[in-house]
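Values below: every heavy atom of this structure, side chains too, minus hydrogens, waters and symmetry copies. Order of the sequence lines fixes the chain letters, A, B, ..., with proteins taken first and strands second; residue numbering starts at 1 for each chain. The structure presented is a predicted model; accordingly, all values stated were derived computationally and were not measured.
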Protein chains: 2
Amino acid sequence: MSARGAQGSDDAAAGEGRGPHGVRRLASGFAHAEESPGLLLWQVTNRWQAAQRAALKPYELTHVQFVLLASLSWLQAEGPVTQKRLADHASTDPMMTSQVLRTLESRGLVERMPHPHDGRARALAVTAEGRALADQAVAVVEACDAAFFAALGDGVGAFARAMRVLKGAAQGY
Amino acid sequence: MSARGAQGSDDAAAGEGRGPHGVRRLASGFAHAEESPGLLLWQVTNRWQAAQRAALKPYELTHVQFVLLASLSWLQAEGPVTQKRLADHASTDPMMTSQVLRTLESRGLVERMPHPHDGRARALAVTAEGRALADQAVAVVEACDAAFFAALGDGVGAFARAMRVLKGAAQGY
DNA sequence: TGCATTTACTATGCGCGCTTACTATCTCCC
DNA sequence: GGGAGATAGTAAGCGCGCATAGTAAATGCA
């Protein structure tokens, strides 16, 4: 990429070691947006999504489509799965879940049948084709994930733990 | 990658500490999507964005609009800022940067003048109103950020370090 | 039993994040 | 000087992520 050097110099000089937990400054006129944990989180996730997108491209699946397909494969062993249950498990928005599932249905990867006991709900099922695709995709996604987090080395365990803490803390929103 | 025996009967039990870097399994029939680092990263970021959205709502700013506005405030002390320079600094997509800046321009928060030395480029500037809004927003965003990462306690330093490692590693995409 | 509340799902709309394709300008190099 | 390639920016379009609002069916409670 282009001006890595120039940017790196002023960024690093200004942003480094300000305080124990990233105390940043709000000067009289402008903010030092810089590298807050949240900003880093956002930027890294964007990169991660780009990596996932690239890995899933051969299968014509988006990241969310893959997550829902794989989650459904996992869940459906325990009986009929509703859209809400799937959305809860995957932490996806119910509205988006509905929309993505209809896309997957139109591609013949899942089925959305009426629920046996609840007239409002749908009973979801992965088709044979969907299952086969998910099996392939899982492999490349896990390889992609491993490559992405390889830079952390042994630190990936601590990282995942921190993520679970944050996820749990943010639950109460 | 590593072929492993059948795993897991249930979510929580099965997902815990499998190996140094999250070796998960692809069983005969279904994937154990579970809690991979990447999935956690994605879910946590969605929560963080929701928190930011809520914090910025009173100012009628989205997260990206805020980032670009604040970044521009920070950058423009060093001379004329082009859209590309801003996009590089904020790690945002150039296309989206263009679009968001025009939104900010229509609200009178930034100006997009012709660049003095480059006929292709734009010289960006924050208006007085934009600067005032950014100053207010920075405060609430930082408070929001602090609250979000408070659950990590002292671990936030290690977390930010890990994020920088991942960001650097993902640079080579 | 009858009615209010809750719940599962869907329609619409906005903004992000990115892809592809295009114009206009700048820069390099002959 | 002049052409080739790189670079700054924009147009159109797709899918996620969510807010708002609405329908229909299930549940709770008198």
Report, one pair per line, the protein and nucleotides 8-16 of chain C atoms (nitrogen or oxygen only) whose separation is under 3.5 Å.
{"residue": "C:dC9", "atom": "OP1", "partner": "A:Q83", "partner atom": "N", "Å": "3.1"}
{"residue": "C:dC9", "atom": "OP1", "partner": "A:R122", "partner atom": "N", "Å": "2.9"}
{"residue": "C:dC9", "atom": "OP2", "partner": "A:Q83", "partner atom": "N", "Å": "3.3"}
{"residue": "C:dC9", "atom": "OP2", "partner": "A:K84", "partner atom": "N", "Å": "2.6"}
{"residue": "C:dT10", "atom": "OP1", "partner": "A:R112", "partner atom": "NH2", "Å": "2.3"}
{"residue": "C:dT10", "atom": "OP1", "partner": "A:R122", "partner atom": "NH2", "Å": "3.4"}
{"residue": "C:dT10", "atom": "OP2", "partner": "A:Q83", "partner atom": "OE1", "Å": "3.4"}
{"residue": "C:dT10", "atom": "OP2", "partner": "A:Q83", "partner atom": "NE2", "Å": "3.0"}
{"residue": "C:dT10", "atom": "OP2", "partner": "A:S98", "partner atom": "OG", "Å": "2.3"}
{"residue": "C:dA11", "atom": "OP2", "partner": "A:R102", "partner atom": "NH1", "Å": "2.6"}
{"residue": "C:dC16", "atom": "OP1", "partner": "B:T62", "partner atom": "OG1", "Å": "2.7"}

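At whole-Å resolution of the value, CG in B:D93 and P in C:dT20 are 12 Å apart. Atom pair B:L124:CG and D:dA8:P shows a separation of 13 Å (rounding to whole Å applied). Going from atom CD of B:E60 over to atom C1' of D:dA19 covers 14 Å, rounded to whole Å. A:L61 places its CG atom 13 Å from the C1' atom of D:dG15, with the value rounded to the nearest Å. Between the CG atom of B:L86 and the C1' atom of D:dG9 there is a distance of 14 Å, rounded to whole Å. In this structure, the CH2 atom of A:W48 is 15 Å from the P atom of C:dG17, given to the nearest Å. One atom, NE2 of A:H115, and another, C1' of D:dA24, lie 16 Å apart when rounded to the nearest Å. With rounding to whole Å, A:Q52 atom CD is found 14 Å from D:dC16 atom C1'.
Between B:D135 and B:R131 no salt bridge is recorded (no basic side-chain N to carboxylate O distance below 4.0 Å).
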Acceptor/donor pairs from residues 103-113 of chain B side chains to any protein atom, 3.5 angstrom cut, sequence neighbours excluded:
{"residue": "B:T103", "atom": "OG1", "partner": "B:Q99", "partner atom": "O", "Å": "3.3"}
{"residue": "B:E105", "atom": "OE1", "partner": "B:R112", "partner atom": "NH1", "Å": "2.9"}
{"residue": "B:S106", "atom": "OG", "partner": "B:T103", "partner atom": "O", "Å": "2.6"}
{"residue": "B:R107", "atom": "NH1", "partner": "B:E60", "partner atom": "O", "Å": "2.5"}
{"residue": "B:R107", "atom": "NH2", "partner": "B:E60", "partner atom": "O", "Å": "3.4"}
{"residue": "B:R112", "atom": "NE", "partner": "B:Q83", "partner atom": "OE1", "Å": "3.3"}

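With sequence neighbours excluded, the residues forming a side-chain hydrogen bond (donor to acceptor under 3.5 Å, both in side chains) with B:R102 are B:S98, listed by chain and number. In this structure, the side-chain contact (heavy atoms from CB on, under 4.5 Å) partners of B:M96, at least two apart in sequence or on a different chain, are B:V64, B:T92, B:D93, B:V100. Applying the salt bridge (Lys or Arg N to Asp or Glu O under 4.0 Å) criterion to A:R161, with sequence neighbours excluded, gives no partner residue. With sequence neighbours excluded, the residues forming a side-chain hydrogen bond (donor to acceptor under 3.5 Å, both in side chains) with A:R85 are A:E78, listed by chain and number.
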